[in-house]
Every structure is written in structure tokens, then in C-alpha cells.
Amino acid sequence: MAEQQNESKVPKEITPRSVDFSQWYVDVVRKAELADYTTMKGCRVIRPYGYALWENMRDALDRRIKDTGHQNAYFPLFVPESLLKKEAAHVEGFAPEVAWVTHGGNEPLEERLAIRPTSEAIICSIYADWVQSWRDLPILINQWANVVRWEKVTRLFLRTTEFLWQEGHTCHRTHEEGIEETLKMLRVYAEYAETELAMPVIVGMKTENEKFPGAETTYCIEALMSDGRALQAGTSHDLGQHFSQMFDITFEDEDQVRKHVWQTSWGVSTRLVGGVIMTHGDENGLILPPRIAPVQVVVVPIFKAANKAEVLAKAQEIGARLKAAGVRVRVDDRDQYSPGWKFNDWEMRGVPLRLEIGPKDIEKQQCVLARRDNREKAFVPLTELEARVPALLAQLQTDLLERARRFRDENTRTVASFDEFRQVIEDKRGFIRAGWNGDPAVELKIKEETKATIRCIPLGDDNRPLPPPEGLKCIYTGEPAKYEVYFARAY
RNA sequence: CGGGGCGUAGCGCAGCCUGGUUAGCGUGCCUGCCUUGGGAGCAGGAGGUCGGCGGUUCAAAUCCGCCCGCCCCGACCA
């Protein structure tokens, strides 16, 4: 039995991460057939394997959104220019990246239509009609949709002209209730990222510079990719009454006073697919967390001409048993590829577990289970499959999260001086926890000098910004720190 | 959008500088035989507007101009 691994024999179709992380990323996305470029700038096609992954990610989040009392709905793709312009900060924030429709057929439109870069404006205009009484509140609606942002620089999944996401848009009677909703969904995102994606996140609040255009406060989850750059993985906004005032969303309260609603919005996107790739992938390609993997177990039959029928039948039988046990399984009965080829192929695609079954195994009533993450192999009696496979998948899921968390913690540093800050950001990257005096100008200075931004002001379990340690100084000015924040270079 | 690099078969590349039969190589793909416990082998075969448009020339993958796309580094962003 080939227990020993011969790394040098593994063909390197994928550029090593250590050589060129960006190229590694593109290679993985394309070779694993997650996505591909199209003839339109910045637009990609999500291929079936990538879309199956997104569907699993989407469904796991959709369950949570519904479990917290929200309903799905669908709003128009177009936003009339006049609506988009209603909230000043909002339009200013999005104007440079809006795609406009100017003609219907051959007729010029009287008013340009924006293709939604986000749906606050169109949804608020509709909510204005829907909300009349305090009894209509809260409105708890989510939308799964595509949005378009005319980005100058695009990267597969991380930043594309068109992307898929969900956007929750809620209305509340009081600010307290709105804040509670904002934080509730923030925590849902954090739990989702860790449980389903095995992606550990920092839960925090954005600074003024980084907050959503039109928001009162923006909260976020921030993840650390394996190249040491941060990824904003999800945001949740307390919109206050900024939009309800501009769009006149009012209700008559129990006290017979007409009031503006308090709103929230929150979203995550297909960008998370990029996050999963860059959190878990290795030199051999993708590593997918079992809970979202399109294929959790691939069965590779190993046969010779003489026993082909018998082995294939056994492989199919095992496949059927695992499927009945609730496992997403694929039996790779392709004739034109050797077992070794299939091993490499499925490793590249990140399938968490491989099950090898050959004549020797059948004789001993066992099979080989090989883990994608650490390449460990184990012989497992066929009678124990229904118990062992789900257990191994669960273990793998836990181990991936643990490994990512260890990486994140090992790459979260504190520094004694701004010189050291500069050095660490340049050489090691990762997160730096450092004091900040709360001045937006200082944040911009630091960004200018190091390309690092404040990813977030971390929140405590009570959802309030964590107070800085006693005596902490601002890393840039030396003044007393208002917060201890996370800095990083980000995607 | 500024600086740099690249675009030739599905993928990876050579050819270009110094223009000249029918544009090559590896891999993949198709057919057959053979093989299958970490990307096997042999034989035959299909597949190209040389990124696009225009120019120079008797002749352009090759020289010139413009445009488009991709990657990296900046500025902007989920």
C-alpha cells in the first residue's frame, strides 16, 4: 500500500503560493473549474462546480436568515437616478462605479436608470408605501440578487463587475431595535463564517473612513487570508434614519406621533468564495470545508481488467450507502484516467475525503479513507462507513477552522513603535493590533505611509468596542489610545 | 486611471529582433489496442480569423499605429 507521499512526483500545474500568491489564486480558481473569464471586462462565469459551492454557502446562510425571522423578496434591478440621488453620502459613495441604462430599445430614456450597485434606494422608495403604522414594523426582508459595480480593477470572486450577494433591508420602530438587528445579523455572519466556512473572523466596527456611504455605523467581520492580507467578509449597517428621512418612510406610532423608521442593511457576497479559497487552499489546490463542499467524498475504484466489474459494483454500492447516510458523494468511475490522476484531480478540487476501494480492500472488507487537508490515510472496515465518514468530515471541518484560527493568531501581532509597525506590515503582513487616538486623519496618514488600513475596532461580547488596555498609546502620535484596533493590508 | 509585463490550438509555450512554401512543440481532446493502489504506454487522427481593427510591403504571427483583454505595482472599492 502506497503510504509514503512523494511530493516531487505531484505535477505542479498550479503556481506555488510561495512564488506568486495571486497567480496561485487564479490557477486554483480556473483549474478547479470554479470560474472563468468571459469576453466582457470584469465579468466572469461561475462554472457548475463553483456554483454548486456557492449554492451550498448560500443555502447555509439563507437558513440562518430565515431562522432569525426574515423573509426573502425580490426588488427591481434598476434604480431611477432621482432615487439614487436622494441620500447624498450614498450617491457620492457609489457614483464612480454605477452602470447606467440610457436607452429603452432605440428611445432615449427620460431618466437614466442605474443598475443597482446596492438596493437601499429602490427598496426604501417601496418601503415608504408599505409602512404606515407601528403595527407594520418591523420589516424584515432579505434579497438574493446580482449587483453591478464598475470597478477599475477586478479579481475573480473578490471583485468583479457583476457579483451575487444577499442584502437584508429592515425597518424598525426605534433606534435601539435597529441597532439590535444590526448586531444580531453581524453575529449571524460571524457564526456562519466560522461554522460553515471554517473561516475565523474578527467582529468589529468600521471607522468613519471605512463605513458604508449613508450608514450611521458599519459593523463587519474581517478574515485573514493565508498571504497575510485581510478580507472584509461581511458588513452590517445601522442606517439610522438617514434613508427614512430622505425617502420619507414614516409610521404613526402608538402615541399617535408620526415618526421615521430606523433601518439596517447587511450583506455578504460571492467574495466569500474567494475567502474560502484563500483561507484553506494549499500547494495542491483547493481545500473545501466539508459543510459546503459540493462533493464531500469521492470514491475512487481501483481495478484491473479481470476484476473491473466487481470493483465498480462495490464502489457504486458504497456510493449509494454514503448517499443514503446523507453524504454528498461522487463515484469516479471514469475509465480513461488512472487512480493516481484522479487523486490529483480531486485534490485540486478540494474534495475533503477520498475513499479508495480496490480488490485487496474488498478481500479484507475495508477501504482507504484519505483526508485532503493533512493527507492522512486510514483503513476503515466497510461495515463502519456510515459512522466513520460523517465523523471524519466533522473532524476535518473542525480541524480546518482550528488551523485557520492558529494561522490568524500567529499572524496577529503587536508592535512597540511605528517603525516596527511599518516593518511588520511590509515583511510579514497579517493583523497588527495597535493603539489609535481615534483621529481619522491619523488613520489616513498611516494608510498613506504603509498601505495598511484599520480593518475594524474590535467588539467585546457585549457588542461594545473593547476598551484599550490601560496606558495604551496611539501607534502613530504617541497620544493616549482611544481604541486598540486591527490594522492590515486588505483586499 | 498612472507605471510595468503579457496576448500564437482547451491549457502551457516556441517562432517575432533579422518579414518569404502548408505556423510548430508539450499537454489535453477523438479512435483503437493495452494499462489502472499517486497524473502509464503505443499507433492513428481532429483542432488555429497568430487578441481586434487599420497601415507599410510583391508578401505580415513577425514592422508601425490605434483599440481590447489579462496579470503585477500604485490610486478606488464588497
Gap between atoms CD and P, on A:Glu151 and B:G69 respectively (whole Å): 15 Å

Per A:Arg149 side chain, nearest of listed nucleotides B:A75, B:A78, B:G37: B:A78

Please work out if A:Lys206 contacts a base, only the sugar-phosphate, or nothing of the nucleic acid, heavy-atom cut-off 4.0 Å. nothing

Provide, to the nearest angstrom, the distance between the CG atom belonging to A:Asn344 and the P atom belonging to B:G28. 13 Å

May I have the distance from A:Leu272 (atom CG) to B:A78 (atom C1'), rounded to whole angstrom? 9 Å

Choose from B:G74, B:G38, B:A40 the nucleotide whose nearest atom is closest to any side-chain atom of A:Lys451. B:G74

Nearest of B:U36, B:A78, B:C73 to any side-chain atom of A:Ile302? B:U36

Partner nucleotide of B:G12 by Watson-Crick or wobble geometry (both distances under 3.5 Å): B:C25

So, is A:Tyr337 close to the B:C29 phosphate, meaning a side-chain N or O under 4.0 Å from OP1 or OP2? yes

Which of the following nucleotides, B:A78, B:C72, B:U36, is nearest to the side chain of A:Arg155? B:C72

A:Glu347 side chain: which of B:C72, B:G38, B:C70 is closest? B:G38

Nearest-neighbour nucleotide for the A:Lys377 side chain, B:G38, B:A78, B:U36 considered: B:G38

Please tell me whether A:Arg116 and A:Asn146 have a donor and an acceptor in their side chains that are separated by less than 3.5 angstrom. yes

Spacing between A:Lys308 atom NZ and B:C34 atom C1', to the nearest angstrom: 13 Å

Distance between the C1' atoms of B:U8 and B:A61, in whole angstroms? 7 Å

Sticking with atom P, work out how far B:G65 lies from B:C70, rounded to a whole angstrom. 23 Å

Kindly say whether the aromatic ring centers of A:Tyr189 and A:Tyr192 come within a distance under 6.0 Å. no

Students often get this wrong, so: under 4.0 angstrom with heavy atoms, is A:Pro359 touching a base, only sugar-phosphate, or nothing? base

Return yes if a side-chain donor-acceptor contact under 3.5 Å exists between A:His169 and A:Ser265, otherwise no. no

For the pair made of CG in A:Asn209 and P in B:A78, what is the distance, rounded to whole Å? 12 Å

Nucleotide paired to B:C42 in any strand shown, Watson-Crick or G-U, under 3.5 Å: B:G32

Between A:Asp345 and A:Arg334, is a salt bridge (Lys or Arg N to Asp or Glu O under 4.0 Å) present by the stated rule, with each step listed? CA-CA 12 Å; A:Asp345 191 47; A:Arg334 290 179 292 180; 3.4 Å; yes

If each of A:Glu97 and A:Asp335 is mapped to the nucleotide of RNA chain B with the nearest heavy atom, which maps nearer the 5' terminus, i.e. the 5' end? A:Asp335

Atom-pair distance (CZ on A:Arg334; P on B:U35), nearest Å: 21 Å

Between B:C11 (P) and A:Asp36 (CG): distance, integer Å: 8 Å

A:Lys360 side chain, from C-beta outward: closest of B:C72, B:G37, B:A78: B:G37

Nearest-neighbour nucleotide for the A:Arg30 side chain, B:C72, B:U36, B:C11 considered: B:C11

If B:C1 has a Watson-Crick or G-U wobble mate with both distances under 3.5 Å, name it; if not, just say none. B:G74

Would you mind checking if A:Glu363 and A:Lys360 are paired as a salt bridge, meaning a charged N to carboxylate O distance below 4.0 Å? no

If pairing requires Watson-Crick or G-U wobble contacts with both distances under 3.5 Å, which nucleotide is the partner of B:C63? B:G55

Can you tell me, in whole Å, how much space there is between the P of B:G7 and that of B:G52? 13 Å

pair_partner(B:C50), Watson-Crick or wobble, both distances < 3.5 Å, evaluates to none

Regarding A:Thr453, tell me which of base, sugar-phosphate or nothing describes its non-hydrogen contacts under 4.0 Å with the strands shown. nothing

Need the pair for B:G37. Rule: Watson-Crick or G-U wobble, both distances under 3.5 Å, any strand; none if unpaired. none

Span that lies between the P atom of B:U57 and that of B:U62, in whole angstrom: 16 Å

Phosphate contact (B:C76 OP1 or OP2) by A:Lys447 side-chain N/O below 4.0 Å: yes

Between B:C30 and B:G10, how far apart are the two P atoms, rounded to whole Å? 15 Å

Got A:Leu197 and A:Thr279 here, is their nearest side-chain heavy-atom distance under 4.5 Å? no

Sticking with atom P, work out how far B:C63 lies from B:A14, rounded to a whole angstrom. 15 Å

Please classify the nucleic acid contact of A:Arg354 as base, sugar-phosphate, or nothing, using heavy-atom distances under 4.0 Å. base

Which base sits across from B:G69 as a Watson-Crick or G-U pair, both distances under 3.5 Å? B:C6

When the C1' atoms of B:C66 and B:G28 are compared, how many Å lie between them, rounded to an integer? 36 Å

Looking at A:Asp238 and A:Glu216, would you say the former's side chain and the latter's main chain have a donor-acceptor pair under 3.5 Å? no

Please state whether the phosphate of B:C71, meaning OP1 or OP2, lies under 4.0 angstrom from any side-chain nitrogen or oxygen of A:Ser22. no

If you check every side-chain atom of A:Asp361, which of B:G38, B:C11, B:G37 has the closest atom? B:G37

Closest listed nucleotide, where the reference is the side chain of A:Ser269 and the choices are B:A78, B:C76, B:G38: B:A78

Using the C1' atom as the point on both nucleotides, what is the distance between B:C34 and B:C72, in whole Å? 47 Å

If we ignore angles and hydrogens, is there a donor and acceptor under 3.5 Å between the side chains of A:Arg17 and A:Ser226? yes

Would you indicate what A:Gln232 reaches in the nucleic acid, counting non-hydrogen atoms under 4.0 angstrom: base, sugar-phosphate, or nothing? sugar-phosphate

Spacing of A:Leu355 atom CG relative to B:G37 atom C1', expressed in whole Å: 13 Å

A:Arg271 vs A:Gln336, nearer the 5' end of RNA chain B by closest nucleotide: A:Gln336

Residue A:Trp341 excluded, over 12 heavy atoms near CH2 under 6.0 Å: yes

